[in-house]
Asks: 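The structure under discussion is supplied below as structure tokens; questions concerning it will follow.
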Amino acid sequence: MIPRSDAEVPAFTEALGLPGLADLHVHFLPDSVQRKVWAYFDEASAHYGTEWPVHYRLPVDERLTVLRDLGVRHFAPLVYPHKPDMATWLNEWVRDFVAGVPEAVPTATFFPEPGVGQYVKEALDQGVRCVKAHVQIGGYDPRDPLLDDVWGQLAEAGVPVVAHCGNGPIPGKHTGLDIFEDVLREHPRLVAVLAHAGLPDHAFAIDLAERYPGVHLDTTMVGVPFNRADELLPTDWPARLAGIADKVALGTDFPSIPYDYATQLRAIATWANADDRLGDDFLRTVLWDTPRRLLALR
Ligand SMILES: [Zn+2]
């Protein structure tokens with residue numbers, strides 16, 4: 001089955017024999033930051049050239065209820081700084097947040113700034129399971145020498161870093177998978193989850209996943225009508241996914257998406273149905289096994 005609405009999502013996962021969903025790419029932010037993010041999306045026409053009506057603009061407790069009703073059993077609440085002197089505050093905030101939300105795994109973020117190696121070390125020591133690097137919003141060069149030790153620590157720890165390093169939805173100063181590949185060359189064992197499957201360079205993202213053992217893709221906003229799936233995805237997308245089927249993890253960008261959660265699941269189900277090598281096994285891997293493996297959940 002394919003879920004036509006959020007209400008049908010629990011039946012969809014149950015039909016697959018799954019206890020629910022594990023979402024590697026969700027955002028929760030301090031209220032003051034969340035308000036600014038939503039204000040930015042309200043001006044989306046100016047920034048992205050298109051309207052971006054945030055579908056789940058709700059208070060935190062109601063957003064958590066939505067996730068629970070969808071059957072999201074585990075999620076990584078990702079935070080990210082757009083300037084220096086912000087990451088440690090966000091990391092403290094998210095630590096408090098996950099303490100009260102059993103489905104949320106501890107995460108952290110960073111920025112190229114003095115002390116970054118130390119606070120990333122502390123976060124890893126505290127058991128962080130997932131780290132966010134927002135190269136586009138942060139406007140930094142992922143090859144910044146200040147980050148060399150950070151990538152090294154993450155590679156050593158095997159903790160996944162969800163990296164928004166592609167040129168979509170709009171390029172940043174130092175975005176581009178070619179730039180990020182320089183980091184991978186230096187740290188070839190890095191467990192890097194290319195956010196949005198490298199949007200818009202999806203074919204390059206698959207190349208990287210084929211060539212580097214730790215490179216994965218997340219599904220966030222990929223293949224949805226809003227993101228011009230027909231134009232952006234390579235025509236052989238499902239066939240190429242078959243070669244890296246265990247390196248694709250559910251991500252959604254909940255709550256700041258301009259459509260409902262089921263829309264993302266429909267896109268993934270469409271790929272699964274488009275190639276005999278994918279099918280329900282692929283769905284189970286993407287929606288549950290791989291994100292759980294990455295988040296070290298048992
Ligand atoms: Zn995101």
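Since this is a predicted model, take the numbers as computed values, not measurements. Ligands are counted one by one from 1 in listed order, and the atoms in each one are counted from 1 as well.
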Asks: For the Zn ion (ligand 1), which N, O or S atom of Asp253 is at the shortest distance?
Replies: OD1
Asks: Any salt bridge linking Asp125 with Lys121? Criterion: basic side-chain nitrogen under 4.0 Å from a carboxylate oxygen.
Replies: yes
Asks: So for atom CZ, which belongs to Arg189, do other residues, nucleotides or ligands contribute more than 12 heavy atoms lying within a distance under 6.0 Å?
Replies: no
Asks: Should Tyr119 and Glu113 be marked as a side chain to side chain donor-acceptor pair (under 3.5 Å) after you check the CA-CA gap, both sets of side-chain angles, and the distance that decides it?
Replies: CA-CA 11 Å; Tyr119 68 71; Glu113 57 194 338; 2.5 Å; yes
Asks: Would you say His134 reaches the Zn ion (ligand 1) with an N/O/S atom under 2.8 Å?
Replies: no
Asks: Measuring to the Zn ion (ligand 1), does His27 have an N/O/S atom at a distance below 2.8 Å?
Replies: yes
Asks: When you check the gap from the basic side-chain N to the acidic O, do Arg240 and Asp207 get nearer than 4.0 Å?
Replies: yes
